[in-house]
Amino acid sequence: MSTHANVLDDLEWRGLVADSTDRDALHEHLGTGSVRYYVGFDPTAPSLHLGNLVQILTARRLQEAGHTPYLLVGGATGLIGDPRDSGERTLNSADTVKEWVERLRAQLERFLDFDGPNAATMVNNHDWTASLSTIDFLRDIGKHFPVNRMLARETVKRRLESGISFTEFSYVLLQSMDYLNLYRDHGITLQFGGSDQWGNLTGGVDLVRRADGGHVHAFSTPLITKADGTKYGKSEGGALWLDPEMLSPYAFYQFWLNVEDAKVGELLRVFTFLEHDEIEALEAESAEKPYLRLGQKALAAHVTTLVHGAEETARIEAASAALFGGGDLTALPGTTLAAALREAGAVTAPAGEDRWGIVDLFVAAGLAKSKGEARRTVGEGGAYLNNERVTDPDLVPGPEHALDGGWLVLRRGKKNLAGVELV
RNA sequence: GGCGGGUUGCCCGAGCGGCCAAUGGGAGCGGACUGUAAAUCCGUCGGCGUAGCCUUCGAAGGUUCGAAUCCUUCACCCGCCA
């Protein structure tokens with residue numbers, strides 16, 4: 001278990017510190033007692049995702065080491081949006097942002113402890129920006145930001161060619177002001193965030209010094225990427241949401257289980273609370289017998305438990321074992337099969353005279369976006385019914401294909417499964 | 001405010017009156033090889049259906065037998081000049 005001071009060593013061991021203000025000063029500061037720190041989340045979507053999870057778990061590590069977390073939800077900054085390389089953002093309506101703020105709060109509450117001596121606190125930057133006058137903002141905050149230095153920031157420089165609005169250009173002032181306010185009102189002296197936030201983090205540190213002469217700290221966590229440097233999430237057909245309505249826990253678990261060998265160790269360090277020796281042991285075993293995928297299994301189990309709970313994880317593990325265990329599907333008892341398919345994703349379809357063809361079933365089960373795609377998949381040899389390749393796109397499965405309990409098992413490619421219950 | 005350049009399918013980027021549903025690359029999807037890994041190779045990659053039809057090339061009009069390609073207006077972006 002980490003203590004006040006050595007938590008930074010743990011974070012560094014886990015590869016969670018990409019950049020930091022004076023490292024030794026920060027280390028010393030963390031040794032002085034329960035440091036109040038904050039991390040912000042902007043409501044730019046209805047759910048938090050994989051990238052946010054890094055911050056959430058880092059916040060928890062600091063709390064477990066005795067420090068005091070403040071979780072900021074950006075009710076104000078979410079109305080603006082920070083500059084990103086892909087270009088100017090489309091503004092979301094105030095109502096939408098408000099709704100997302102509430103959803104993010106609810107998600108965040110599960111991960112930290114809101115009781116005890118170093119209980120977590122939720123704050124919303126809308127509370128101190130809503131009534132702020134433009135003149136006060138320009139006089140009290142704006143005066144501390146030389147435009148020449150703002151223009152030199154990497155995120156801004158990259159946008160100067162393609163264009164950037166004053167709105168997004170000004171974002172750093174808002175986030176910096178958050179730090180100043182939290183420093184003044186709550187004695188917060190540490191902020192962290194993703195490495196893409198580094199400019200905003202240092203902006204706040206500078207503002208606290210310029211405005212109040214205060215010395216505060218900041219560090220950034222690394223961007224989590226695949227072994228080839230690209231982002232996670234795109235290849236799996238969407239962002240890795242934490243909300244079970246937006247990404248099923250089964251799909252979430254499968255994501256971790258399918259992580260590349262080369263990344264397992266790194267991800268275990270970042271996303272699990274396993275001790276150092278446990279992780280090193282898993283890394284060693286994985287290097288020796290990668291085909292057993294012990295690292296992936298541990299990773300999937302731990303992270304899914306953190307996000308979706310132990311019960312759900314147990315159901316998913318059972319489902320995965322049943323569906324990918326290599327056994328004969330037709331030998332599975334109906335109850336096991338039904339439970340497994342409900343985790344993986346299941347739909348119902350008529351069993352009578354009006355029953356559907358294989359192409360419609362693939363679309364209904366969500367394994368293909370259109371009939372054309374389903375038809376194509378059959379043509380490519382990637383469509384399976386009950387683990388047998390389908391070669392005829394006009395096949396109309398009937399009761400004679402049904403497994404125990406009236407189920408059909410559809411599969412696209414190697415690992416996309418769905419169940420159809422004939423009723 | 002003036003002049004010039006630009007806006008193409010998930011992304012980048014060709015096309016510049018018919019042969020364009022639109023070259024190429026990337027991503028994605030499928031197959032082979034494997035370990036529900038990586039790399040590699042092959043195939044595929046708007047929708048409906050397989051005759052062909054329908055909807056796409058910033059938006060709306062127009063010219064034409066026919067336009068992503070020409071004209072007009074509008075919106076947004078970039079550059080130079082005020």
Side-chain angles (χ1 to χ4, degrees), chain A residues 83-91 157-169 225-240 248 250-268 282-283 285-301 304 316-327 329 340 343-345 357-360 362-363 365-385 387-394 409-418:
Chain A
R84 55 178 177 185
D85 292 347
S86 51
E88 190 74 14
R89 292 172 183 273
T90 303
L91 292 175
K157 264 203 280 191
R158 282 196 296 270
R159 284 285 299 279
L160 286 180
E161 279 299 305
S162 59
I164 180 169
S165 67
F166 181 70
T167 306
E168 290 189 10
F169 178 63
T225 60
K226 295 204 274 194
D228 63 5
T230 58
K231 280 188 181 180
Y232 275 115
K234 294 211 73 164
S235 60
E236 289 74 26
L240 286 147
S248 79
Y250 171 86
F252 184 85
Y253 176 91
Q254 287 289 324
F255 162 75
W256 297 103
L257 192 66
N258 281 300
V259 146
E260 309 135 282
D261 291 352
K263 296 296 283 191
V264 174
E266 179 187 330
L267 296 175
L268 281 167
L282 276 168
E283 286 173 336
E285 286 179 274
S286 295
E288 201 176 322
K289 298 176 179 174
Y291 52 89
L292 292 178
R293 304 204 331 286
L294 293 175
Q296 279 94 334
K297 285 176 184 165
L299 180 66
T304 307
I316 294 166
E317 286 179 317
S320 298
L323 298 174
F324 288 102
L329 282 180
E343 292 298 328
I358 192 75
V359 166
D360 289 305
F362 263 72
V363 174
L367 292 177
K369 286 197 280 291
S370 67
K371 290 188 194 179
E373 189 174 286
R375 205 174 292 272
R376 210 180 296 136
T377 302
V378 174
E380 291 167 339
Y384 301 82
L385 170 62
N387 274 352
E388 301 217 4
R389 182 172 283 175
V390 176
T391 52
D392 175 15
D394 296 319
V409 178
L410 304 182
R411 177 156 63 89
R412 176 175 179 180
K414 279 202 299 193
K415 45 196 171 192
N416 299 301
L417 279 154

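Just so we're on the same page: letters track the sequence lines, and every chain starts at 1. Note: hydrogens, waters and symmetry copies are ignored here, and every other heavy atom, side chains too, is used.
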* Could you tell me whether the phosphate oxygens of B:A37, OP1 or OP2, come under 4.0 Å of any side-chain nitrogen or oxygen in A:K414? => yes
* Asked: Which pair of non-hydrogen atoms, one from A:G413 and one from A:Y384, has the smallest distance, and what is that distance?
  -> O-CE1, 3.7 Å
* Which whole-number value in Å describes the distance from A:I164 CD1 to B:G79 C1'? -> 18 Å
* To do: Sticking with atom P, work out how far B:G25 lies from B:G49, rounded to a whole angstrom.
  => 30 Å
* Could you please spell out the steps behind the salt bridge (Lys or Arg N to Asp or Glu O under 4.0 Å) verdict for A:E260 and A:K263? => CA-CA 6 Å; A:E260 309 135 282; A:K263 296 296 283 191; over 6 Å; no
* Asked: Where do A:F324 and A:K414 come nearest, in terms of heavy atoms and distance?
  -> CE2-O, 3.7 Å
Which pairs, protein N/O on one side and nucleotides 50-58 of chain B N/O on the other, fall under 3.5 Å?
none

* Phosphate-side-chain proximity, A:K289 and B:G35, N/O vs OP1/OP2 below 4.0 Å -> no
* Asked: Which part of the nucleic acid does A:Y253 contact within heavy-atom distance under 4.0 Å: base, sugar-phosphate only, or nothing?
  -> nothing
* Asked: Which value, in whole Å, describes the distance between the C1' atoms of nucleotides B:C76 and B:A59?
  -> 11 Å
* Structure fact -> When pairs are called at under 3.5 Å and a stem needs at least three consecutive Watson-Crick or G-U pairs, the stems of RNA chain B are B:1-7 with B:75-81, B:10-12 with B:24-26, B:28-32 with B:40-44, B:46-48 with B:52-54, B:58-62 with B:70-74
* Structure fact -> Against the side chain of A:K226, the closest entry in B:G28, B:G31, B:G35 is B:G28
* Interatomic distance where NZ belongs to A:K415 and P belongs to B:U34 [whole Å] -> 16 Å
* To do: Indicate yes or no: does A:E168 engage A:R159 in a salt bridge with an N to O separation below 4.0 Å.
  => yes
* To do: Give a yes/no on whether any side-chain N or O of A:Y384 is located under 4.0 angstrom from OP1 or OP2 of B:G31.
  => yes
* Given the P atoms of B:C42 and B:G47, what is the spacing between them in whole Å? -> 25 Å
* Using the P atom as the reference point in each nucleotide, state the distance between B:G30 and B:G24 in Å, no decimals. => 22 Å
* Could you give the distance separating B:C16 and B:G58 at their P atoms, to the nearest angstrom? => 16 Å
* What's the verdict on side chain to side chain contact (heavy atoms under 4.5 Å, CB included) for A:L385 and A:R411, showing C-alpha distance, side-chain angles and the deciding distance? -> CA-CA 6 Å; A:L385 170 62; A:R411 177 156 63 89; over 6 Å; no
* Which part of the nucleic acid, if any, lies within reach of A:R411 when heavy atoms closer than 4.0 Å are counted: base, sugar-phosphate only, or nothing? -> nothing
Heteroatom pairs (N/O) under 3.5 angstrom, protein to nucleotides 45-47 of chain B:
from  : atom 1 : to     : atom 2 : distance (Å)
B:G47 : OP1    : A:S370 : OG     : 2.9
B:G47 : OP2    : A:R376 : NH2    : 3.1

* To do: Could you tell me which non-hydrogen atom of A:P393 sits nearest to which non-hydrogen atom of A:R375, and how far apart they are?
  => CB-CG, 4.2 Å
* Considering residues at least two apart in sequence or located in another chain, which fulfil the side chain to side chain donor-acceptor pair (under 3.5 Å) criterion with A:N416? -> none
* Would you call the rings of A:W256 and A:F252 parallel, tilted or perpendicular if under 30° counts as parallel and over 60° as perpendicular? -> perpendicular
* **Main-chain N/O of A:A319 paired with A:E343 side-chain donor or acceptor, under 3.5 Å** => no
* To do: Test for a donor-acceptor pair under 3.5 Å between the base of B:G43 and the side chain of A:E380, counting only N and O atoms.
  => yes
* Quickly work out the A:E260 CD to B:U34 P distance and round it to whole Å. => 21 Å
* Asked: Please give, in whole Å, the distance from B:U34 C1' to A:F324 CZ?
  -> 15 Å
* Of A:R293 and A:A383, whose closest RNA chain B nucleotide lies nearer the 5' terminus? -> A:A383
* Who passes side chain to side chain donor-acceptor pair (under 3.5 Å) against A:E373, sequence neighbours left out? -> A:R412
* Quantified in whole Å, what is the C1' atom distance between nucleotide B:A51 and nucleotide B:A32? -> 35 Å
* Under 4.0 angstrom, heavy atoms only, what part of the nucleic acid is A:N416 near: base, sugar-phosphate, or nothing? -> sugar-phosphate
* Nearest atoms (heavy-atom pairs only) where A:A301 meets A:E317 -> CB-OE2, 3.4 Å
* Mapping A:V363 and A:A321 onto RNA chain B by nearest heavy atom, which one lands closer to the 5' end? -> A:A321
* Same-atom distance (P) from B:G2 to B:A68, integer angstrom -> 31 Å
* Can you tell me how far C1' in B:C57 sits from the matching atom in B:G43, rounded to whole Å? -> 27 Å
* What's the shortest heavy-atom distance between A:I358 and A:L410, and which atoms? -> CD1-CD2, 4.1 Å
* **Partners meeting side chain to side chain donor-acceptor pair (under 3.5 Å) with A:S320 (sequence neighbours left out)** => A:Q254
